[in-house]
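Reading through the structure tokens given below for one structure.
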2 protein chains.
Amino acid sequence: MADAQDPAGQGLLFLTDEQLRKGAEAMFFAYRGFTADPDRILEKYGYGRAHHRAIHFIRRSPGTTVNNLLAILGVTKQSLNRVLRTLIEDGLVESRIGARDKRERNLFLTESGTALEHELSSAQRARLRAAFLEAGPDAVSGFRKVLEAMMDPELRRHYNRTGGT
Amino acid sequence: MADAQDPAGQGLLFLTDEQLRKGAEAMFFAYRGFTADPDRILEKYGYGRAHHRAIHFIRRSPGTTVNNLLAILGVTKQSLNRVLRTLIEDGLVESRIGARDKRERNLFLTESGTALEHELSSAQRARLRAAFLEAGPDAVSGFRKVLEAMMDPELRRHYNRTGGT
DNA sequence: CTTGGAAAGTCAACAAGGCTGACATAAACT
DNA sequence: AGTTTATGTCAGCCTTGTTGACTTTCCAAG
């Protein structure tokens with residue numbers, strides 16, 4: 001029954017139900033580790049993961065609009081707005097009325113917003129750097145390949161819309 | 001500045017800040033895809049991700065105790081208890097008083113609990129299977145290696161406590 | 001120039017699922 | 001007998017998600 005996915009038994013052992021379940025658990029446990037360090041930092045400031053996500057994507061695309069952020073984050077505008085409002089009130093994010101289209105708001109990190117972004121991403125990158133080093137470049141390439149294949153097509157577009165070679 | 005992490009410029013390009021940020025986004029977008037299918041199924045039954053996690057780990061270790069589940073899931077007993085109570089009331093999970101230690105409760109999936117577990121894990125495995133196939137066995141190996149390196153040591157123990165070769 | 005619709009913001013209400021703290025019970029251990 | 005452990009439960013709080021209704025601003029087409 002372990003070979004239900006591989007009746008011929010030749011080389012598809014990485015697709016057995018057991019291997020797939022194991023992959024699912026790997027995602028679950030790894031994601032916990034992935035968010036653990038930023039979560040601890042956010043708590044100091046009274047923020048949550050939602051604030052982190054907003055800050056991250058504003059840094060990635062300075063001047064991005066609320067609508068664009070909504071598409072990336074996949075939440076409702078009311079939910080995002082609540083988070084954004086506190087960040088603006090606290091002076092971490094600046095919302096400028098659009099130049100071309102004045103209905104739009106262009107979002108930027110302020111100096112202190114940039115500082116928090118850096119604190120958060122430093123911690124997260126440290127964790128990833130250690131994992132990447134331990135696993136090695138080939139493993140990292142595979143990691144990226146599998147994760148990309150796991151994304152919804154629409155999100156995959158957003159993922160590929162950025163820089164890194 | 002792209003090479004701040006690789007002053008020598010020789011072969012550590014996968015550790016640049018840009019690559020690490022990209023890896024972080026990969027985790028974020030992929031996790032969204034990873035949970036999307038089960039989330040849709042859970043909604044049909046009025047459950048959430050918390051129920052899925054409980055069901056998953058009870059199936060993985062039938063007869064597991066509440067305490068063990070708490071350690072794996074990393075939530076408070078009040079939070080887990082709320083989820084567990086609904087699953088027991090709905091007849092998806094059975095809670096038997098421990099044989100050796102009568103303070104403990106041993107948790108099992110009932111027939112209908114097993115059915116829901118199967119529906120959830122089927123959807124999740126289908127997504128993973130497609131991703132694994134697209135990426136190939138070597139990529140999958142790297143995927144697993146990086147994710148394992150990303151876990152907190154304590155969770156890594158739980159991860160390695162199970163079966164799959 | 002008016003009107004239709006898109007972009008954004010706001011208010012209210014609600015739910016899931018985290019959390020803390022306090023307390024109850026039963027069983028096991030010392 | 002007294003303490004510790006495992007579990008359950010009540011009450012209350014927070015974050016972050018949801019829906020629905022409504023307003024304001026403003027672009028663009030008729």
Side-chain angles (χ1 to χ4, degrees), chain A residues 28 31-32 35-36 38-58 63-90 93-108, chain B residues 28 31-32 35-36 38-58 63-90 93-108:
Chain A
F28 171 68
Y31 201 77
R32 289 265 301 280
T35 55
D39 281 354
R40 268 187 291 273
I41 294 167
L42 289 159
E43 206 178 356
K44 289 195 306 182
Y45 298 94
Y47 294 133
R49 245 176 244 182
H51 300 85
H52 185 189
R53 292 195 282 266
I55 288 172
H56 172 95
F57 285 106
I58 293 173
T64 188
T65 63
V66 172
N67 240 6
N68 185 35
L69 223 45
L70 285 178
I72 290 174
L73 296 176
V75 297
T76 58
K77 64 176 177 175
Q78 293 90 333
S79 196
L80 174 58
N81 196 259
R82 180 171 36 200
V83 164
L84 232 34
R85 194 168 48 222
T86 70
L87 290 175
I88 291 169
E89 281 170 3
D90 295 351
V93 168
E94 194 193 339
S95 165
R96 297 185 206 148
I97 292 179
R100 215 192 45 202
D101 183 335
K102 291 178 190 168
R103 290 167 304 180
E104 296 182 348
R105 300 291 183 274
N106 296 117
L107 304 169
F108 300 87
Chain B
F28 171 67
Y31 200 76
R32 288 266 301 280
T35 55
D39 282 353
R40 270 187 290 274
I41 294 168
L42 288 159
E43 207 179 357
K44 290 194 308 183
Y45 299 94
Y47 294 133
R49 245 176 243 182
H51 300 85
H52 185 189
R53 292 195 282 267
I55 287 172
H56 172 94
F57 285 106
I58 292 173
T64 188
T65 64
V66 172
N67 242 1
N68 185 36
L69 222 46
L70 285 178
I72 290 175
L73 298 175
V75 297
T76 58
K77 65 174 178 175
Q78 293 91 331
S79 198
L80 174 58
N81 195 257
R82 180 170 36 198
V83 165
L84 231 34
R85 194 168 47 220
T86 72
L87 290 174
I88 291 170
E89 280 169 2
D90 295 353
V93 167
E94 195 193 339
S95 165
R96 295 184 209 151
I97 292 179
R100 214 192 44 204
D101 185 334
K102 290 178 188 166
R103 290 170 306 179
E104 295 182 345
R105 299 290 183 276
N106 296 118
L107 303 169
F108 301 87

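Since the structure is predicted, the reported quantities are computational estimates derived from the model, not experimental observations. All chains are named by letter (A, B, ...) in the order of the sequence lines, taking the proteins before the strands, and each is independently numbered beginning at 1. Note that these values count all heavy atoms, side chains included, but never hydrogens, waters or copies made by symmetry.
- Here the P atom of nucleotide C:dG18 and the CG atom of B:Leu70 are 12 Å apart, to the nearest Å.
- Comparing A:Ile97 and A:Ala50, the nucleotide of DNA chain D nearest to each residue sits closer to the 5' end for A:Ala50.
- You'll find the side chain of B:Thr35 stays beyond 4.5 Å of the side chain of B:Leu42, heavy atoms only.
- Here the side chains of A:Asp90 and A:Tyr45 are not in contact, with every heavy-atom distance at 4.5 Å or above.
- The distance from atom CG of A:Asn68 to atom C1' of C:dA8 is 14 Å, rounded to the nearest whole Å.
- In this structure, CG of B:Leu42 is placed 15 Å from C1' of D:dG17, rounded to the nearest angstrom.
- Between the B:Arg32 side chain and the A:Leu73 main chain, a donor and an acceptor come within less than 3.5 Å of each other.
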Please list, for nucleotides 10-15 of chain C, all pairs of protein and nucleotide N/O atoms separated by less than 3.5 Å.
unit_1 : atom_1 : unit_2  : atom_2 : d
C:dT10 : OP2    : A:Asn81 : OD1    : 3.4

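- Residue-level contact check: B:Gly46 touches neither bases nor backbone, having no heavy atom under 4.0 Å from any strand.
- In this structure, A:Leu87 places its CG atom 13 Å from P of D:dT15, rounding to the nearest Å.
- No side-chain heavy atom of A:Asn106 sits less than 4.5 Å from a side-chain heavy atom of A:Thr64.
- With a 4.5 Å cut-off on side-chain heavy atoms, B:Leu107 and B:Asn68 do not count as touching.
- Phosphate contact (OP1/OP2 of D:dG17, side-chain N/O of A:Thr76, threshold under 4.0 Å): absent.
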Using nucleotides 2-7 of chain C, report all nitrogen or oxygen pairs with the protein that are shorter than 3.5 Å.
unit_1 : atom_1 : unit_2   : atom_2 : d
C:dA6  : N3     : A:Arg103 : NH1    : 3.1

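- In summary, of the residues considered (A:His51, A:Arg82, A:Glu94), a side-chain contact (heavy atoms from CB on, under 4.5 Å) with A:Leu87 occurs for A:His51 alone.
- Rounded to a whole Å, the CG atom of B:Leu84 is 13 Å from the P atom of C:dG17.
- Between the CZ atom of B:Arg100 and the P atom of D:dT7 there is a distance of 11 Å, given to the nearest Å.
- Distance, A:Ile55 CD1 to D:dT16 P: 11 Å, rounded to whole Å.
- With B:Leu69 as the partner, the side-chain contact (heavy atoms from CB on, under 4.5 Å) test is satisfied by one option alone out of B:Ile58, B:Val83, B:Val75: B:Ile58.
- We find that NE2 of A:His51 is positioned 12 Å from C1' of D:dC14, with the value rounded to whole Å.
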